[in-house]
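Each residue takes its place number in the sequence, starting with 1.
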Amino acid sequence: MSKYAVAAMARTGGGSITNIASIAGIRAHGAIAYGPSKAAMAALAREIAVAHGRDGIRANTVAPGHILTPHASHVLPPMRALRGAR
């Protein structure tokens, strides 16, 4: 998607791309495909920013931490207990 967004933004004078990744792209936790894909998303944003910054295009990645969802419910309570969180 960024490929097409960059082309459109360059034609119109710039813009901003914000990717949503995950803390899994920064800290390993055993998800062999998921973590590296999130790290790659952050790397892609850095490359876009370097390559197209002069065109007025910014690129950033937000990497939120763990969120207590049904999918993560088996992992997060033990982690929260270790940190002393309520």
Of all heavy-atom pairs between [X] and [Y], which one has the smallest distance, and what is that distance?
| X | Y | value |
| --- | --- | --- |
| G25 | A39 | O-CB, 3.4 Å |
| A21 | P64 | O-CD, 3.7 Å |
| A45 | A59 | O-CB, 3.4 Å |

Measure the shortest side-chain to side-chain distance between [X] and [Y] over non-hydrogen atoms and say whether it is less than 4.5 angstrom.
| X | Y | value |
| --- | --- | --- |
| N19 | V62 | no |
| V6 | I57 | yes |
| T61 | R46 | no |

Quick one: pull up [atom1] in [X] and [atom2] in [Y] and give me the separation to the nearest 0.5 Å.
| X | Y | atom1 | atom2 | value |
| --- | --- | --- | --- | --- |
| E47 | S2 | CD | OG | 12.5 Å |
| K3 | L44 | NZ | CG | 12.5 Å |
| D55 | T12 | CG | OG1 | 10.5 Å |
| H52 | R58 | NE2 | CZ | 15.0 Å |

Stepwise side-chain contact (heavy atoms from CB on, under 4.5 Å) test for I23 and K38:
CA-CA 8 Å; I23 192 73; K38 298 306 177 177; over 6 Å; no
